[in-house]
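Notes for the one structure printed next.
Quantities reported herein were computed from a predicted structural model and do not represent experimental measurements.
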Amino acid sequence: MTALAALIRRDIKIALRVGGGALIGVLFFLTVTVLMPFAIGPDLALLTRLGPAILWLGALLASLLMLDRLFTADHEDGSLDLIVMGRAPLELACAAKALAHWLAAGVPLIVATPALGLLLNLDAAATSAVALTLLVGTPALTFTGMIGAALAVTLHRGGLLLAVLVLPLSIPVLIFGVAASQAAISGPLSFGTPFSILCALSLVSLVVGPFAAAASLRHGLD
């Protein structure tokens with residue numbers, strides 16, 4: 001457990017330093033949210049209706065943008081081989097790296113959501129609902145994306161391959177995240193149903209993601 005805690009602290013420090021990637025994701029999220037009102041126009045009712053979808057889409061793209069560095073930096077400096085051969089189970093090591101990535105890259109997106117919601121004409125209750133769904137749904141994006149990141153680093157392919165692998169797996173999270181946000185804001189659907197499915201998706205990815213990523217790393221680095 002000490003080794004896993006040290007791995008989490010190390011990854012968070014790397015992500016938060018200049019060029020680590022966490023700030024890039026927040027800036028990208030900010031850019032997408034700021035540009036959308038200019039593209040949609042002065043229709044405030046339309047902007048309010050599309051606000052949750054815009055925030056979720058921005059968070060999804062920002063998460064995808066930062067996933068490329070999840071294993072690549074460790075692979076380049078050789079520390080990934082040490083993690084694979086370490087005493088800690090590789091599945092737990094992958095889970096620790098995904099947790100560190102979410103804390104450094106996902107949590108800032110959630111914290112920024114209430115402020116960015118003002119740009120989309122969302123009130124406090126609406127932005128709180130979107131932030132709650134992001135808090136529950138972004139772990140699914142991280143742990144699902146970890147599988148694509150592991151495959152990309154073992155196949156020595158990045159960028160486009162990672163997007164092709166991760167985007168189809170992220171679509172259910174996007175659908176139910178937006179549905180839960182819309183239900184909390186305007187109805188008529190119940191908030192509990194899509195929110196429960198979103199929680200289930202995060203729990204499934206939390207279980208499946210580390211094992212699939214570890215299997216990919218073992219197979220690719222052998």
Expected list for residues 130-146: side-chain donor-acceptor pairs under 3.5 angstrom, two or more places apart:
{"unit_1": "T133", "atom_1": "OG1", "unit_2": "W56", "atom_2": "NE1", "d": "3.1"}
{"unit_1": "T133", "atom_1": "OG1", "unit_2": "A129", "atom_2": "O", "d": "3.3"}
{"unit_1": "T133", "atom_1": "OG1", "unit_2": "V130", "atom_2": "O", "d": "2.7"}
{"unit_1": "T133", "atom_1": "OG1", "unit_2": "S181", "atom_2": "OG", "d": "3.0"}
{"unit_1": "T138", "atom_1": "OG1", "unit_2": "W102", "atom_2": "NE1", "d": "2.9"}
{"unit_1": "T138", "atom_1": "OG1", "unit_2": "L134", "atom_2": "O", "d": "2.5"}
{"unit_1": "T142", "atom_1": "OG1", "unit_2": "T138", "atom_2": "O", "d": "3.2"}
{"unit_1": "T144", "atom_1": "OG1", "unit_2": "A140", "atom_2": "O", "d": "2.7"}

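- Hydrophobic cluster membership differs between V166 and V207, with clusters built from Ile, Leu, Val, Met, Phe, Trp and Tyr side chains linked at under 4.5 angstrom.
- Between L119 and P37, the shortest heavy-atom distance links the atoms O-CG, 3.6 Å.
- Residues L198 and L169 are members of separate hydrophobic clusters, defined by side-chain heavy-atom contacts under 4.5 angstrom among Ile, Leu, Val, Met, Phe, Trp and Tyr.
- A donor-acceptor pair under 3.5 Å is absent between the side-chain atoms of Q182 and the main chain of A53, judged by distance alone.
- The shortest non-hydrogen separation linking P52 to V178 is O-CG2, 4.4 Å.
- Note: the hydrophobic cluster containing L35 does not contain L55 (ILVMFWY, side chain heavy atoms under 4.5 Å, direct or indirect links).
- The two residues V107 and L103 have their closest heavy-atom pair at CB-O, 3.5 Å.
- For residues 113-132, the set of pairs meeting the side chain to side chain donor-acceptor pair (under 3.5 Å) definition, not counting sequence neighbours, comprises T48-N121.
- By the 4.5 Å heavy-atom criterion applied to side chains, I24 and M66 are not counted as neighbours.
- Taking every heavy atom of both residues into account, V153 and A150 meet most closely at CG1-O, 3.2 Å.
- From I40, atom CD1 reaches atom CG of L120 across 7.5 Å, with rounding to the nearest 0.5 Å.
- For the atom pair OG (S190) and CZ (F195), the distance works out to 11.5 Å, reported to the nearest 0.5 Å.
- Remark: side-chain polar atoms of S216 are not paired, donor with acceptor, to backbone N or O of A212 under 3.5 angstrom.
- In terms of hydrophobic clustering, with Ile, Leu, Val, Met, Phe, Trp and Tyr side chains grouped at heavy-atom distances under 4.5 Å, F38 and L116 are assigned to a common cluster.
- With rounding to the nearest 0.5 Å, the separation of CZ in R218 from CD in E91 is 4.0 Å.
- Distance check: I185 CD1 to R49 CZ gives 12.0 Å after rounding to the nearest 0.5 Å.
- When every heavy atom of S63 is checked against every heavy atom of L109, the shortest pair comes out as OG-CD1, 4.1 Å.
- In the hydrophobic clustering of this structure, F211 does not group with L90; members are Ile, Leu, Val, Met, Phe, Trp, Tyr whose side-chain heavy atoms approach within less than 4.5 Å, directly or through other members.
- We find the CG-CG distance between L165 and L67 to be 11.0 Å, quoted to the nearest 0.5 Å.
- With rounding to the nearest 0.5 Å, the separation of OG in S202 from CZ in F176 is 12.5 Å.
- Contact detail for F29 and T33: the closest heavy-atom pair is O-OG1, 2.8 Å.
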